[in-house]
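Notes to accompany the following structure.
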2 protein chains.
Amino acid sequence: MELPEFLKSLVDFSEEELEEILTHFRVEEVSKEYPLVEQGQICRKLYYIEKGVGRNYYLNADGKEITQLFFGEGRFMTSLESFFQESPSLYNVEVLEESLIHFITKEDLEFLFGKYHKMEQLGRLLSTEMLTKVVHKLNAIQFQTAQERYEYMLTEYPDIIYRVPLGMVASYLGMSQETLSRIRKKKLEE
Amino acid sequence: MELPEFLKSLVDFSEEELEEILTHFRVEEVSKEYPLVEQGQICRKLYYIEKGVGRNYYLNADGKEITQLFFGEGRFMTSLESFFQESPSLYNVEVLEESLIHFITKEDLEFLFGKYHKMEQLGRLLSTEMLTKVVHKLNAIQFQTAQERYEYMLTEYPDIIYRVPLGMVASYLGMSQETLSRIRKKKLEE
DNA sequence: GGATTCTTTTGACCTATATCAAAAAACGAA
DNA sequence: TTCGTTTTTTGATATAGGTCAAAAGAATCC
């Protein structure tokens, strides 16, 4: 979904408001694996994914990549804690395909929050939406078996699961790649 | 921290604003294990804990209680997805001690969001704060050993860990009570 | 279109943590 | 204080899922 349409679907902005808001966004076409944020940096941009998929990941003590969150089309993406708290990011953020994204800086966003009550509302809605999404995932991870977590992913993110490498999905679901491969096989055999 | 003080610490409300906002809250003293929300209900209240501790939990397939989140003093508590999406709550919400809480209904809250830009800002700040908290926990749960998760809890919620029954902490950390008991013992021996 | 590189699958083995059961300790009411 | 109840600890045993290594399969590139 295109950005203006997406914004309007959440809050009913007037034409003028929408117009000004959009002037603060910039478009970017980025290619696969392009690092939007690197671990340690402070992330000052909020990205909207019009086309493509992105993710947030970090390198654990053994140097293995652990995917924290995926972001599909029509989502805002950023390094959450870094963006909100202006702290060094614990995560890398990248896109996983040729993607079309829009971004706004934190500064501009704060400006818009101050200027437009409705923009503030948008901010609130987006963060509560993200919050429920994360709570849901937490729930899946906390007490479900590897198999159940896979099912969760299938129903929750059917688009993403077949679009990104297996290893990334596995780490996202908190299991090893081998385990995910076996679960998938077992599922097929049924 | 008392509610007015807490609100002012986040957003600089004028005296009149603050006054009106406070009229929409009601105080309640509730005793241990009092169910504020029950699984299946739609939760329409947002609680502020002035004194006490609360939690969110659900009963899994085997009928075992799984604690999802704890809420300490100076926090807002609710059944997150239920409150935001007006969907039946997956969780029970209760306090774990004699507590002093304030609450506001969703209706009143929406009214205030609409009336005061600053109130909307408060809503946004609270949800981003909660969001980073949940992301942080997700992170701890996803790829850490039981021992590491315990350490996480010690540093993150030192106040809560000794205040609530072991079994609740264990399920919160995604491990069995026995495992937590053993970890704690090992830690003491060092 | 074959060589190279990256991703996924498979097998063998191992370990962290679950489960079950019972004892010990702590707590609360009368 | 004592008895009954709840919570925590301890021991023995089982298992889901991890790790390591190698083979198989896909994708990418000159």
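Chain A is the first sequence line, chain B the second, and so forth, proteins listed ahead of strands; every chain is numbered from 1.
The neighbour count for B:Tyr34 OH, taken as heavy atoms of other residues, nucleotides or ligands under 6.0 Å away, does not exceed 12. Counting heavy-atom neighbours within 6.0 Å of B:Glu107 CD, excluding the residue itself, gives a total of 12 or less. More than 12 non-hydrogen atoms from other residues, nucleotides or ligands lie less than 6.0 angstrom from CD of B:Glu110.
Rounded to whole Å, atom P of C:dT19 lies 8 Å from atom CZ of A:Phe143. Rounded to whole Å, atom P of D:dT8 lies 12 Å from atom CD1 of B:Ile161. With rounding to whole Å, B:Leu96 atom CG is found 15 Å from D:dT7 atom C1'. Look at OH on A:Tyr162: it is 15 Å from C1' on C:dT8, rounded to the nearest Å. For the pair B:Lys64 NZ and C:dC20 C1', the interatomic distance rounds to 12 Å; values are reported in whole Å. Following rounding to the nearest Å, B:Gln177 (CD) and C:dC20 (P) show an atom-to-atom distance of 14 Å. Rounding to whole angstrom units, CG of residue B:Leu173 and P of C:dT17 are separated by 12 Å. One atom, CZ of B:Arg182, and another, P of D:dT8, lie 15 Å apart when rounded to the nearest Å.
At the phosphate of C:dA16, neither OP1 nor OP2 sits under 4.0 Å from any side-chain N or O atom of B:Thr145. OP1 or OP2 of D:dT9 lies within a sub-4.0 Å distance of a side-chain N or O belonging to B:Ser181. The shortest distance between the side-chain N/O atoms of A:Arg184 and the OP1/OP2 oxygens of C:dT9 is below 4.0 Å.
Two rings, from A:Tyr48 and A:Phe25, have their centers 6.0 Å or more apart.
Helix-axis bend for the helix from C:dG1-D:dC30 to C:dA30-D:dT1: the local axis fitted to the five terminal pairs at one end deviates from that at the other end by 60°, rounded to 10°.
Nearest-nucleotide assignment on DNA chain D puts the 5′-proximal partner with B:Val164, out of B:Val164 and A:Ile183. Comparing B:Ser176 and B:Lys32 by the nucleotide of DNA chain C that holds the closest heavy atom to each, the one mapping nearer the 5' end is B:Ser176.
When the side chains of ILVMFWY residues are joined at heavy-atom separations under 4.5 Å, either directly or via intervening members, A:Val27 and A:Phe71 end up in two distinct hydrophobic clusters.
In this structure, B:Arg55 fails the cation-pi test against B:Tyr172, since its NZ or CZ atom is not both closer than 6.0 Å to the six-membered ring centre and inside 45 degrees of the ring normal. Taking the ring axis of A:Phe76 as reference, the NZ or CZ atom of A:Lys133 does not stay both within 45° of it and closer than 6.0 Å to the ring centre.
In the set C:dA18, C:dT8, C:dT10, C:dT8 carries the atom at the smallest distance from any side-chain atom of A:Leu166. Comparing C:dT10, D:dT8, D:dG17 against the side chain of A:Ala146 picks out D:dG17 as the nearest.
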